[in-house]
Amino acid sequence: MRRIVVKVGSNVLTREDGHLNVTRMSALVDQLAWLRRHDYEVILVSSGAVMAGRGELQVDHQLDSVEQRQLFSSVGQGKLIRLYYDLFREYNIKVGQVLTMKENFLAKEQYQNQKACMELMLENGVLPIVNENDTVCLTELMFTDNDELSGLIARMLNADALVLLSNVDGIYNGDPSLPTSRIIPSVYYDRDVSEYVSDEKSSHGRGGMISKLKTAQDVANAGIKVIIANGNTPNILIDLKEHPMETLHTEFAPRPMEK
């Protein structure tokens, strides 16, 4: 049984109007169910709670950024997990919610408790759906984004691979908008490709390609394969498994571990 962590960003899960894209969520669940049928243990790190809550509430007064995250995520997290619950139920897959904070990875007892809980879920066929606990995580306690969180989860659970799904096909060797630019298909764990990455943030999420690059390098250096791919591409997870050479993505080769 192979173990894979799949992180899906807000730009994959939301429509242009900022509401959840239920059609794309359904397609993602179809692919995750396919991975389960093909002997993968799957852990899903999912953004989208804030955007889900924003679509539910009409606020008639100004909120600062912290208040928005707390209010919208408090409503949206329930909506998000309910949608996943209903979609996975079509495949008879049980899901469990894991809300975590950065400090849970710093304190040894909390770290071990969190790891034991998620291992127990996997042993009993439950698919963990992980997100940051936005209602209590303020600036100094926040993960940089869910890219960082997914990297920590992958290392904690000794995953075989981490897949970062965004709205880009991978890392390009130039400006992605230029026709001369090409995807860098593979990167050795110790290769520096930061010169090709801009610091532009995504429109709906906190992360950007620099964050994905840092996570990919850190996780690959820990001996875990990392893939950056486009979550808006139909059947991307299946094609990465079935037709990797023909599927656009950037793969970070893991550092060989000493025996």
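Bear in mind that the values here come from a model prediction, so they are computed numbers and not experimental data.
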Is there a donor-acceptor pair closer than 3.5 Å between any side-chain N or O of [X] and the backbone N or O of [Y]?
X: Ser26; Y: Val22; answer: no
X: Asn221; Y: Gln217; answer: no
X: Thr100; Y: Glu132; answer: no
X: His243; Y: Lys241; answer: no
X: Gln31; Y: Leu237; answer: yes
X: Asn104; Y: Met101; answer: yes
X: Arg3; Y: Leu157; answer: yes
X: Asn146; Y: Leu149; answer: no

Point to revise | Heavy atoms of other groups near Asn124 CG, more than 12 under 6.0 Å | key: yes
Check your understanding: Got more than 12 heavy atoms from elsewhere within 6.0 Å of NZ, Lys214?
Key -> no
Going by heavy atoms in the side chains, are [X] and [Y] under 4.5 Å from each other?
X: Ile227; Y: Leu162; result: no
X: Lys225; Y: Asp160; result: no
X: Val95; Y: Arg89; result: no
X: Ile43; Y: Leu127; result: no
X: Met51; Y: Leu13; result: no

Are any of the side-chain nitrogens in [X] or [Y] under 4.0 Å away from the carboxylate oxygens of its partner?
X: Arg36; Y: Glu41; answer: no
X: Glu148; Y: Lys7; answer: no
X: Asp147; Y: Lys212; answer: yes

Review point. Which pairs pass ring-ring contact (aromatic ring centres under 6.0 Å, His included) with one or both residues in residues 64-93, sequence neighbours excluded?
Key: none
Point to revise | Pairs satisfying ring-ring contact (aromatic ring centres under 6.0 Å, His included), at least one member in residues 11-39, at least two apart | key: Trp34-His38
Review point. Please walk me through it: do Asn232 and Asn167 pass side-chain hydrogen bond (donor to acceptor under 3.5 Å, both in side chains)?
Key: CA-CA 6 Å; Asn232 298 325; Asn167 60 343; 5.9 Å; no
So which atom in [X] and which in [Y] form the shortest heavy-atom distance, rounded to 0.1 Å?
X: Ala229; Y: Ile236; answer: CB-CG1, 4.0 Å
X: Arg182; Y: Pro179; answer: NH1-O, 2.6 Å
X: Ser150; Y: Leu164; answer: OG-CD2, 3.4 Å
X: Ile228; Y: Ala216; answer: CD1-CB, 4.5 Å
X: Ala220; Y: Val226; answer: N-CG2, 4.0 Å

Practice item. For side-chain contact (heavy atoms from CB on, under 4.5 Å), just list the numbers for Asn131 and Ser46, CA-CA rounded to whole Å, side-chain angles, deciding distance to a tenth of an Å, and then say yes or no. Key: CA-CA 6 Å; Asn131 198 2; Ser46 177; 5.8 Å; no
